[in-house]
Protein chains: 2
Amino acid sequence: MALKSFIEVGPDSHFPIQNLPFGIFKPEPTSPPRPGVAIGDYVLDLSTISVSGLFEADEAKLRDNPNLREKSLVPMSKVEMLLPIAIGDYTDFFSSMHHARNCGIMFRGPENAINPNWFQLPIAYHGRSSSIVVSGTDIIRPRGQGHPSGNSPPYFGPSRKLDFELEMAAVVGPGNELGKPVDVNEAGDHIFGLVLMNDWSARDIQAWEYVPLGPFLGKSFGTTISPWIVTLDALEPFACDAPKQDPQPLPYLAEKISKNYDISLEVQIKPAGQEDSCVVTRSNFNHLYWTVTQQLAHHTINGCNLRPGDLLGTGTISGPEPESYGCLLELTWNGQKSLSLNGTTRKFLEDGDEVVFSGCSKGDGYKVGFGTCSGKILPSP
Amino acid sequence: MALKSFIEVGPDSHFPIQNLPFGIFKPEPTSPPRPGVAIGDYVLDLSTISVSGLFEADEAKLRDNPNLREKSLVPMSKVEMLLPIAIGDYTDFFSSMHHARNCGIMFRGPENAINPNWFQLPIAYHGRSSSIVVSGTDIIRPRGQGHPSGNSPPYFGPSRKLDFELEMAAVVGPGNELGKPVDVNEAGDHIFGLVLMNDWSARDIQAWEYVPLGPFLGKSFGTTISPWIVTLDALEPFACDAPKQDPQPLPYLAEKISKNYDISLEVQIKPAGQEDSCVVTRSNFNHLYWTVTQQLAHHTINGCNLRPGDLLGTGTISGPEPESYGCLLELTWNGQKSLSLNGTTRKFLEDGDEVVFSGCSKGDGYKVGFGTCSGKILPSP
């Protein structure tokens with residue numbers, strides 16, 4: 001029988017006692033931020049717990065003290081969630097083969113869809129830390145340059161190809177010293193946990209700017225993460241084999257145990273003024289070709305230092321079937337076809353669209369989930 | 001006649017009263033870090049000045065108080081300099097046309113040397129903040145993957161093509177709010193000042209990893225900056241016209257006054273065990289095609305927020321002549337020829353090499369300089 005908490009938790013909750021994810025919240029708009037743990041529909045205020053000496057006590061002390069329960073368990077619906085970490089550096093990988101192949105076919109043709117380096121190392125780029133926001137923050141449509149084709153001059157204005165990217169991200173726990181790489185078999189010890197991440201992308205800006213130094217303004221206007229960090233411990237029951245890698249990775253990337261996690265992911269879009277949102281894709285974390293531990297080991301092999309709170313995005317997580325593609329670029333094949341959305345259609349995101357990611361692993365009678373990661377598009381100023 | 005300080009400053013000093021750059025230092029190894037201003041061979045301890053109420057007083061109070069002078073003016077040779085800022089995000093541009101053309105010819109051939117987007121916008125990539133170090137910090141040769149050619153498998157090991165890149169960087173002063181771009185004509189107000197920067201690069205790692213998402217581990221093992229931030233005010237007497245841009249930039253990049261600065265830059269290499277260092281290149285900040293204000297305005301046009309202390313690198317500053325190329329990749333044409341170095345030669349950097357950048361503007365009887373930006377290569381572990 002599954003472990004149970006003395007707090008009532010429904011079977012569909014993302015936050016049973018098997019999860020206990022960490023976040024930063026304000027119980028009231030004027031309260032100072034503090035750490036908390038999600039449990040059912042409540043947030044356990046760790047600052048109250050700490051002051052009351054409960055880190056030294058057992059379960060009964062909180063359970064049997066109505067006053068303390070009242071003070072330390074805040075209804076989740078009443079709190080404001082903040083970014084769970086101070087992010088020093090943010091790195092985004094490119095680790096779904098299906099995503100890499102689809103983008104490659106669209107932009108370079110089927111013969112050269114995936115560059116040979118992709119199978120030898122987890123390709124990544126440095127992202128922008130300053131514009132990472134917590135779920136629920138509005139996203140302003142970016143302006144920038146795009147380029148229609150051939151020798152025509154670039155245009156300037158609000159992005160015409162605004163997209164989401166379904167990703168997850170690892171939060172670094174203990175860092176490493178500059179010049180001291182992390183062994184791939186110890187990389188898991190440097191990961192605090194995972195969050196959902198929407199790497200909003202302006203495809204027209206990105207396509208025009210990215211040669212030869214990679215994505216820049218097409219990404220840096222905003223990146224949304226979910227507020228609760230789910231630990232690798234909580235995800236351990238959902239560990240599964242990572243895909244077989246061919247060619248075999250070089251020794252510094254060869255893991256004794258190569259793990260993915262079975263985490264179902266879903267994206268919904270809710271157009272402005274509509275009651276209902278519409279599922280546009282269903283994917284799974286286990287579609288990643290390179291594991292998060294390989295990503296972390298690769299990141300440090302040159303001596304680069306990671307710091308607590310650094311974020312390592314997985315890249316868009318697309319599965320093999322069209323219904324599991326992780327962004328509109330792939331779902332509409334760069335706007336060549338329309339996506340049907342409860343009586344309306346989309347090629348790319350429109351102003352007022354709200355995009356909601358959710359993710360969870362399904363256990364026997366309980367779920368270990370991430371809650372949601374959402375954002376609404378506001379028009380360019 | 002030039003303004004003079006009551007502190008003796010030689011005509012070759014980089015830090016006369018016309019400069020007064022800001023840095024962070026420790027007077028003794030165990031002292032807490034504090035802000036300082038360089039003047040001649042001294043560092044003025046701003047924490048002492050502040051405690052003594054001197055921000056409210058005139059020059060005489062410090063000049064005529066030997067005790068206070070003794071306490072607040074620390075010989076520069078005795079202090080330890082630290083990073084002058086906490087760097088949230090670091091961005092590196094690619095704004096010298098000569099550098100862009102040389103790299104393009106080497107990697108893509110003379111017909112496609114410069115991609116058409118280069119002339120329409122200041123190309124840039126996000127860099128790694130965590131591994132930025134202050135001048136004088138050793139740099140450990142990174143390990144990583146390289147790829148000889150064709151279908152051969154990648155190799156792994158210490159980089160075989162370790163290089164410096166002669167750059168400068170703008171330090172952001174006041175930032176901007178997410179979603180609120182900075183007007184190009186007000187961009188100067190957001191720049192605190194400039195520093196020298198060595199964007200160490202492992203060319204073999206970079207060449208193999210950079211398609212399609214840009215440089216990553218080829219750069220993130222270390223970036224060195226000089227400790228003194230020279231304000232744009234101090235550089236104003238050395239302002240000069242930026243090059244004419246053709247095609248004309250889009251309106252958001254069109255400046256009423258488009259300025260560069262006449263700053264002479266020099267790189268010396270001192271091999272291990274040798275007494276003397278050898279000048280390997282002489283360049284100038286005024287070779288930049290895109291100005292730092294255009295870089296900053298472009299960076300924010302999509303709404304991206306800059307924060308105080310963010311660093312905007314210029315990219316390698318190469319001039320038109322081979323003697324002014326800003327990195328070994330260009331100077332040795334990717335190792336095809338050797339650079340002569342006081343009786344020895346170099347294609348790329350060897351262990352024990354110390355690379356020293358210096359930069360200054362020459363006024364009438366005085367200099368406004370940056371001091372040096374140096375680092376020595378240690379072998380891979």
Side-chain angles (χ1 to χ4, degrees), chain A residues 88-89 91-92 94 103 107 115-117 120-121 123-131 133 140 142-145 147 151 153-154 156 159 175 178-181 202 205 208-218 220-222 247 250-252 298-299 301-307 310 378 381, chain B residues 88-89 91-92 94 103 107 115-117 120-121 123-131 133 140 142-145 147 151 153-154 156 159 175 178-181 202 205 208-218 220-222 247 250-252 298-299 301-307 310 378 381:
Chain A
D89 280 289
T91 303
D92 202 16
F94 185 52
C103 296
F107 297 122
N115 211 43
N117 60 4
Q120 296 286 353
L121 54 85
I123 295 284
Y125 67 99
H126 303 293
R128 180 82 193 172
S129 298
S130 69
S131 52
V133 296
I140 300 172
R143 293 182 300 162
Q145 295 190 28
H147 189 250
N151 288 321
F156 175 78
S159 170
L178 187 58
K180 299 264 171 72
I205 298 173
W208 172 232
E209 74 179 356
Y210 90 104
V211 174
L213 299 186
F216 181 49
L217 300 189
S220 64
F221 57 93
L250 284 166
Y252 81 93
H298 180 65
H299 203 317
I301 188 63
N302 68 342
C304 180
N305 54 330
L306 304 177
R307 295 176 294 191
D310 283 353
L378 299 189
Chain B
D89 280 290
T91 303
D92 201 17
F94 186 51
C103 295
F107 296 121
N115 211 43
N117 60 4
Q120 296 286 353
L121 54 86
I123 296 283
Y125 68 99
H126 303 292
R128 179 83 195 172
S129 298
S130 68
S131 52
V133 297
I140 299 172
R143 292 182 300 161
Q145 294 189 28
H147 189 250
N151 288 322
F156 174 80
S159 170
L178 187 59
K180 300 265 170 72
I205 298 173
W208 172 231
E209 74 179 357
Y210 90 105
V211 175
L213 299 186
F216 181 50
L217 300 189
S220 64
F221 57 94
L250 284 166
Y252 81 93
H298 180 66
H299 203 317
I301 188 63
N302 68 342
C304 179
N305 54 329
L306 303 177
R307 295 176 293 190
D310 282 352
L378 299 190

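Below, chains carry the letters A, B, ... as their sequence lines are ordered, and counting in each starts from 1.
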Worksheet entry | Portion of B:Asn151 that has a non-hydrogen atom of chain A nearer than 4.5 angstrom | neither
Discussion item. Are the side chains of A:Leu250 and B:Gln145 in contact, using a 4.5 Å heavy-atom criterion?
Written reply: yes
Worksheet, complete the sentence: In short, A:Pro215 meets B:His126 closest at the heavy-atom pair O-CD2, 4.1 Å
Worksheet item: Side chain, backbone, both or neither: which part of B:Ser159 has a non-hydrogen atom closer than 4.5 Å to chain A?
Response: neither
Worksheet item: Pick from B:Gly88, B:Ser129, B:Gly303, B:Gly144: which one has the most heavy-atom pairs with chain A under 4.5 Å?
Response: B:Ser129
Worksheet, complete the sentence: Ranked by heavy-atom pairs below 4.5 Å to chain A, first place among B:Asn117, B:Val211, B:Asp92 goes to B:Asn117
Discussion item. Quick check on the interface: out of B:Ser130, B:Pro251, B:Pro142, who has the most heavy-atom pairs with chain A under 4.5 Å?
Written reply: B:Ser130
Item to complete: Evaluate the ring planes of A:Phe216 and B:His299, with Trp represented by its six-membered ring, and classify them as parallel (under 30°), tilted (30 to 60°) or perpendicular (over 60°).
Response: perpendicular
Worksheet item: Side chain of A:Asn115, backbone of B:Pro212: donor and acceptor closer than 3.5 Å?
Response: no
Worksheet item: Where on B:Phe107 is there a heavy atom nearer than 4.5 Å to chain A: the side chain, the backbone, both, or neither?
Response: neither
Practice prompt. Please flag which part of B:Asn305 lies under 4.5 Å from any non-hydrogen atom of chain A: side chain, backbone, both or neither.
Written response: both
Worksheet item: What part of B:Pro153 gets closer than 4.5 Å to chain A, counting heavy atoms only: side chain, backbone, both or neither?
Response: neither
Worksheet, complete the sentence: The reported gap from CG in B:Leu178 to OG in A:Ser220 (rounded to nearest 0.5 angstrom) is 9.5 Å
Discussion item. Quick check for you: to the nearest 0.5 Å, what is the distance between A:Asp89 atom CG and B:Asp89 atom CG?
Written reply: 7.5 Å
Worksheet item: Is any side-chain heavy atom of B:Pro116 less than 4.5 Å from a side-chain heavy atom of A:His147?
Response: no
Worksheet item: What part of B:Ile140 lies closer than 4.5 angstrom to a heavy atom of chain A: side chain, backbone, both or neither?
Response: side chain
Item to complete: Heavy atoms only, distances under 4.5 angstrom: which of A:Ser131, A:Ala124, A:Gly179 has the most pairs with chain B? Name it, please.
Response: A:Ala124
Worksheet item: Does the side chain of A:Leu306 reach to within under 4.5 Å of the side chain of B:Arg128, using non-hydrogen atoms?
Response: yes
Fill in: Gap between atom CH2 of B:Trp208 and atom CG of A:Leu121 - 0.5 Å precision
7.0 Å
Discussion item. Rounded to the nearest 0.5 Å, what separates atom OG1 in B:Thr91 from atom CG in A:Leu213?
Written reply: 12.0 Å
